[in-house]
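Structure first, commentary second.
Just so it is clear: chains get the letters A, B, ... in the order the sequence lines come, proteins before strands, and each one is counted from 1. A quick note: this is a predicted structure, and the numbers were derived from the prediction, not measured.
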Amino acid sequence: MARKERSELQRSLQLVRKSLLAKIGIGVITLIILVAVLAPFIAPSSPTDTNLIDRLKSPSPAHPFGTDHLGRDIFSRVVYGSRISLRIGIIVVALGLSVGTALGLIGGYAGGATDTVIMRIADMFLSFPPLILAMALAASLGPNIENVILALAIIWWPRYARLARSKAISLREEDFVLAAHAIGSSFYYVIRRHILPNSVSPLLIQASLELGSVILLAATLSFIGFGAQPPTPEWGAMASSGREYIRMAWWYPTFPGLAIFVTVIGFNLLGDAIRDILDPYQRRRQ
Amino acid sequence: MNYLSFLVRRILALIPVLFGVILVIFLISHIIPGDPARLLAGPRATEEIVQNIREDYGLDKPIYVQFYVYLRDLTRGDLGQSILTRRPVARDLLRYFPATFELTTVSVVLASVLGIPLGVLSAVYKDRTADHLIRIFSITGISMPVFWLGLLLLLIFYLNLGIAPDPGRISGAAPTHITGLYVLDSILTGNLRALFSSIAHLILPSITLSWYALARIVRMARSSTLEVLEKDYIRTARAKGLTGRPILFKHALRNSILPTITVIGLLYGELLGGAVVTEIIFNWPGMAQYMVSSMKTLDYPAVMGVTLVITLAYVIANLLVDLSYGFIDPRIRYD
């Protein structure tokens, strides 16, 4: 079982390497990760140091993306912003994935009332438009990055729970699971040793596909004022402050927005390629 | 089982969903760490005044009593009174909903009218230049932050070229109020000036809002058409000697449209929520400003009302999609 899975994964990886779109996506993602890791070396100045003499200067060799209303170098802020967006995306997906997988596998394997209760709760969260629920949660928790992460994780877990549940249900009747149950393995032992390892790869793929959407939603929350607050160099928050100066300084909201766009497109390109490879006939209901 | 009993069953199944939705919103708006009564009374108010406000709004009662009262009032169509505007929430929502509804509807129609043909085109010309261009366009569409697109359009067409009207719903007086939808009201009252002005004001916001929807519809229409084009009955039709158009319109489209309709329905609900960002950027006097200000001031009757209305619209859009299947695809049976 495990060996077959690995060889499938290898074959998929080979196809990913052949796809042009995937390569562009991987290139963009690698670039963003490098920028985030090497931020202190790339950014010419501090992302928070103000310099009121140089306020709202248009792009120039000294300030490739111009400066903002406090004279801060927008390029440096955009560079540091990559750390925040990646961090939000990764933590939200990791949190949502762990909670969703745990609940989904338990529900799917246990069946009956446990399953019904878990899935009804999941459905309840899925019946909200994501942005609205995120706004309501972030507003009542208080606007900051930690609460954005919490709010988005609360919205995201049901998607993974559904997928995990369907895997658990299909594995429930497999011989090796029935055998494990028959020799007296405990409920959680069967889930941990047999169900989880066999459902982990589609879940991980699904999770990586959604990093782009999570980053976009987080930036949107910050833009409306329910996320990161100034002076945090978060892209959505920067675009939001830049909006007030758009008449005088077109570059101010434009470059942070461009950074979000490029990052999200990187993840979406890779995601599309992976989806095509894994399941060409799957109807893309997303 | 016939269609009617299916309909009744589906509507009945909505009740637990709506109850859950109300419960979730209620819990969210009541975990607010701040104290709305204190906020309303102001920093200098005495404890007595704050206590009076609590009693006025029932904030001093246990949470399950508050929930019961809310449900009871809701069944009478009473959404409570906004703490901020001091008007009934239902009346506030009625005032702001038409603007949001108009913008969303225009955007969904725009996205569907353009998206379905583009998606089909992309599928028919798979792996050729047209397909590549359409695919690049659609992937940029789903990756573009709505607020960024809106700002760019505003920057280019309003601030630089000066060909778009200033943000807002209309220049000059609004048409006589009938439905609250300016375009419709202008037509009904024969007010040409208002008609042109309201359409001109709709252009940039609806492009902004429909961009993402358009991309999603194109992707869905493309993949479902591709799937159908590979089916045996299309091969049969070709073998019969049919070519191009008849195959596409008579055989392929009718079979491929269903998943696309699903996406359009889902998007309609999603856009009612997504309109928030567009409305803020274009100063559109819809529910967004009301929602944002009520959330920031912990005006929880307003928060609950506005969230409930948008979520209800989302749930109803999903239901309508399900119900429409039977009309589009006669093979679907309800049992």
How long is the span from the [atom1] atom in [X] to the [atom2] atom in [Y], to the nearest 0.5 Å?
{"X": "S127(A)", "Y": "L312(B)", "atom1": "OG", "atom2": "CG", "result": "11.0 Å"}
{"X": "I132(A)", "Y": "L308(B)", "atom1": "CD1", "atom2": "CG", "result": "12.0 Å"}
{"X": "I246(A)", "Y": "L154(B)", "atom1": "CD1", "atom2": "CG", "result": "6.0 Å"}

Heavy-atom pairs under 4.5 Å with chain A - which of [options] has more of them than the others?
{"options": "T140(B), V315(B), V146(B), T260(B)", "result": "T140(B)"}
{"options": "I281(B), V303(B), V17(B)", "result": "I281(B)"}
{"options": "T307(B), V24(B), V306(B), N160(B)", "result": "V24(B)"}

>> Apply side chain to side chain contact (heavy atoms under 4.5 Å, CB included) to residues D272(A) and R219(B) and explain how you reach the verdict.
In response: CA-CA 11 Å; D272(A) 258 24; R219(B) 285 156 69 92; 2.8 Å; yes
Any idea which heavy atoms bring [X] and [Y] closest together, and the distance?
{"X": "F147(B)", "Y": "G236(A)", "value": "CZ-CA, 4.3 Å"}
{"X": "M124(A)", "Y": "V21(B)", "value": "CG-N, 4.0 Å"}
{"X": "F226(A)", "Y": "V292(B)", "value": "CZ-O, 4.0 Å"}
{"X": "F261(A)", "Y": "M144(B)", "value": "CD1-CA, 3.7 Å"}
{"X": "M295(B)", "Y": "A139(A)", "value": "CB-CB, 3.8 Å"}

[X] versus chain A, the contacting section by heavy-atom distance below 4.5 Å:
{"X": "L151(B)", "answer": "both"}
{"X": "I142(B)", "answer": "both"}
{"X": "F19(B)", "answer": "neither"}
{"X": "L152(B)", "answer": "side chain"}

Per-residue contact mode, [X] against chain B (heavy atom under 4.5 angstrom):
{"X": "D123(A)", "result": "neither"}
{"X": "L126(A)", "result": "backbone"}
{"X": "F223(A)", "result": "side chain"}
{"X": "L217(A)", "result": "neither"}
{"X": "I265(A)", "result": "both"}
{"X": "L131(A)", "result": "side chain"}

> Applying the side chain to side chain contact (heavy atoms under 4.5 Å, CB included) test to S143(B), which of I215(A), V264(A), L269(A) qualifies?
Replying inline: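 Exactly one option meets the side chain to side chain contact (heavy atoms under 4.5 Å, CB included) with S143(B), and it is V264(A).
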Side chain proximity check, [X] to [Y], heavy atoms < 4.5 angstrom:
{"X": "L133(A)", "Y": "I28(B)", "answer": "yes"}
{"X": "P145(B)", "Y": "T220(A)", "answer": "no"}
{"X": "I280(B)", "Y": "R243(A)", "answer": "yes"}
{"X": "I156(B)", "Y": "W250(A)", "answer": "no"}

> Between G242(A), S240(A), G225(A), G212(A), which shows the greatest number of heavy-atom pairs under 4.5 Å with chain B?
Replying inline: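 Among G242(A), S240(A), G225(A), G212(A), the one with the most close pairs to chain B is G225(A).
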> side chain to side chain contact (heavy atoms under 4.5 Å, CB included) between F128(A) and I310(B): does it pass, once the steps are laid out?
Replying inline: CA-CA 8 Å; F128(A) 287 95; I310(B) 291 180; over 6 Å; no
>> Between W148(B) and T254(A) (side chain of the first, backbone of the second, donor and acceptor by atom type, cut-off under 3.5 Å), is there such a pair?
In response: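 Indeed, once roles are kept as given, a pair shorter than 3.5 Å links the two residues.
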